[in-house]
Number of protein chains: 2
Amino acid sequence: MSAKASDPELRIRARNEALISDAATRLFARKGFEGTRISEIAEAAGLPKANVYYYFGSKAEIYRSILRRLLTNWTVALDHLSEERDPFEALEAYVRAKLEHSRRFPDETRVFATEILAGGPYLTPEDRELMRVGMLRPVEVLEAWIARGLIRPVHPRHLMITLWSAAQYYADFEIMAAHTLEVKKLKRADYDTAADTIVQTTLRGLRPDPVPA
Amino acid sequence: MSAKASDPELRIRARNEALISDAATRLFARKGFEGTRISEIAEAAGLPKANVYYYFGSKAEIYRSILRRLLTNWTVALDHLSEERDPFEALEAYVRAKLEHSRRFPDETRVFATEILAGGPYLTPEDRELMRVGMLRPVEVLEAWIARGLIRPVHPRHLMITLWSAAQYYADFEIMAAHTLEVKKLKRADYDTAADTIVQTTLRGLRPDPVPA
DNA sequence: AAGAAAGCTGACGGTTGCGTCAGTTCCCGT
DNA sequence: ACGGGAACTGACGCAACCGTCAGCTTTCTT
């Protein structure tokens, strides 16, 4: 019944590292790196502080591990876009997936947002490289669509930023969005309307001219 | 030659408060509230730490004064939108003005962004009310345009968020945008291209249907 | 010119938080 | 069932930081 060393799911180390990482993510998202105390993380994880230090060498190490995990997830998420798909179908799916991610995991993306806002002091060169190559594929896909005349010839990187920023906003600046919408908290329906609006404006604006004048 | 008490420009108090406020804005933007030391602010302002405390009662007081100033500026900036103007002209002017502001004063908006990300712990109820009423006018204007059939019937608040988020992104997440564009630092031309892209996509998507099918 | 008010500041107290460590307990293969 | 390694932890050292204060200097007013 007890955990085996060979069972990776139940290994004590894996379980506790996840406990710490999850608690830290929640706290870093709310209070930032400097604003979060290791003792808070420990308490939220249900462990004594010294135990946290048994698994992680420092606060920065916990923080960096969270950033790294998010970055790898992020680059994977761009796979929605492939040259063969219909551009509007693919982009709509991407926008909706991004918003859904914002809705379900706001804390991860907030930690990353705070880091970027601060100028990326904890991002390693490898992290930055991950970001760079992650953007390569979608840009190529957009350029291919443009070359085939399937979407209007807009700047692909700026287009990605525009789409990205909208989805990001609902997670990172949720309380601002809630204020704007005059609701207490964003509900699933709000995210759906957000997606609809983006589809009806930005994506619609990408359609090639139907009329000459 | 020396400053007179009646001269508001040169009054020592006004000058030093501005010195402190400016230095604090730069530092809060980079390092957040908790990450910024009063001693750093003092050094950046060229004053001894105790002198900072002569003008401000606490770190939180400096921080709140920055937030308040930004909020009042912000609500004023929405005046671009008025019902009488052509929607696309007005919205384009708004987007360009917003991006220009992001380019010229990235630090102010970053301080605010960090605060919102954290959930707004230092925002007073008055601040929140300022945000709410600031949004009232533009929404009314958008609704009037929609009622007159000048733009497509999209959700006005979500539209504002979409426009807002894009402009915001270039200031707050500048290093992310720079990475995406594969440049070291954003130049004026990048902001112009950003504005063009938004105009050509999101605003273009707002045009009423020219063709039925 | 002289008194008052505003501006200024070095030194310090109290607190908090990061990270350590020595010693204990638990787990697990054999 | 036992030995060794992994897991755990209370107590603490040390450094950093916020905010204070008592007394000094400059500026202003009359």
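Every chain is numbered from 1, with letters handed out A, B, ... down the list of sequences. No hydrogens, no waters, no symmetry mates; every other heavy atom, side chains included, goes into these values.
Of the listed nucleotides (C:dC27, D:dC18, D:dA6), D:dC18 has the atom at the smallest distance from the side chain of B:R37. Side chain of A:Y53, nearest nucleotide from C:dC18, D:dG19, C:dG7: C:dC18.
Distance NZ (B:K49) to P (C:dA11): 13 Å, rounded to an integer number of Å. Distance A:I12 CD1 to C:dT25 C1': 12 Å, rounded to the nearest Å. If you take CD of B:E34 and C1' of D:dA16, they are 14 Å apart, rounded to a whole angstrom. Atom pair B:Y55:OH and D:dT20:C1' shows a separation of 18 Å (rounding to whole Å applied). Atoms CG (B:N51) and P (D:dT20) sit 15 Å apart, rounded to a whole Å. C:dG19 atom P lies 15 Å from atom OH of A:Y63, rounded to whole Å. Following rounding to the nearest Å, B:F56 (CZ) and D:dC18 (C1') show an atom-to-atom distance of 16 Å. A:L19 places its CG atom 14 Å from the P atom of D:dA7, with the value rounded to the nearest Å.
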### Query
Stepwise, does the side chain to side chain donor-acceptor pair (under 3.5 Å) test hold for A:Q168 with B:S165?
CA-CA 8 Å; A:Q168 194 86 356; B:S165 69; over 6 Å; no
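For the pair A:I38 and A:A50, both in contact range of DNA chain C, the more 5′-proximal nearest nucleotide belongs to A:I38.
Aromatic ring orientation, B:H155 versus B:H158: perpendicular (interplanar angle above 60°, classes split at 30° and 60°). Note on ring orientation: taking the six-membered ring where Trp is involved, the planes of B:F28 and B:Y63 are perpendicular (angle over 60°, cut-offs 30° and 60°).
Using a 4.0 Å heavy-atom distance criterion, B:K59 is classed as a sugar-phosphate-only contact.
Checking the phosphate oxygens (OP1, OP2) of C:dG7, a side-chain nitrogen or oxygen of B:R13 falls inside 4.0 Å. Under 4.0 angstrom from either OP1 or OP2 of C:dC8 there lies at least one side-chain N or O belonging to B:N16. For A:Y54 and D:dC8, the shortest distance from a side-chain N or O to OP1 or OP2 is not below 4.0 Å.
B:E17 and B:R11 are not joined by a salt bridge, as no carboxylate oxygen comes within less than 4.0 angstrom of a charged side-chain nitrogen. A salt bridge links A:R96 with A:E92: the distance from a Lys NZ or Arg NE/NH1/NH2 to an Asp or Glu carboxylate oxygen falls below 4.0 Å.
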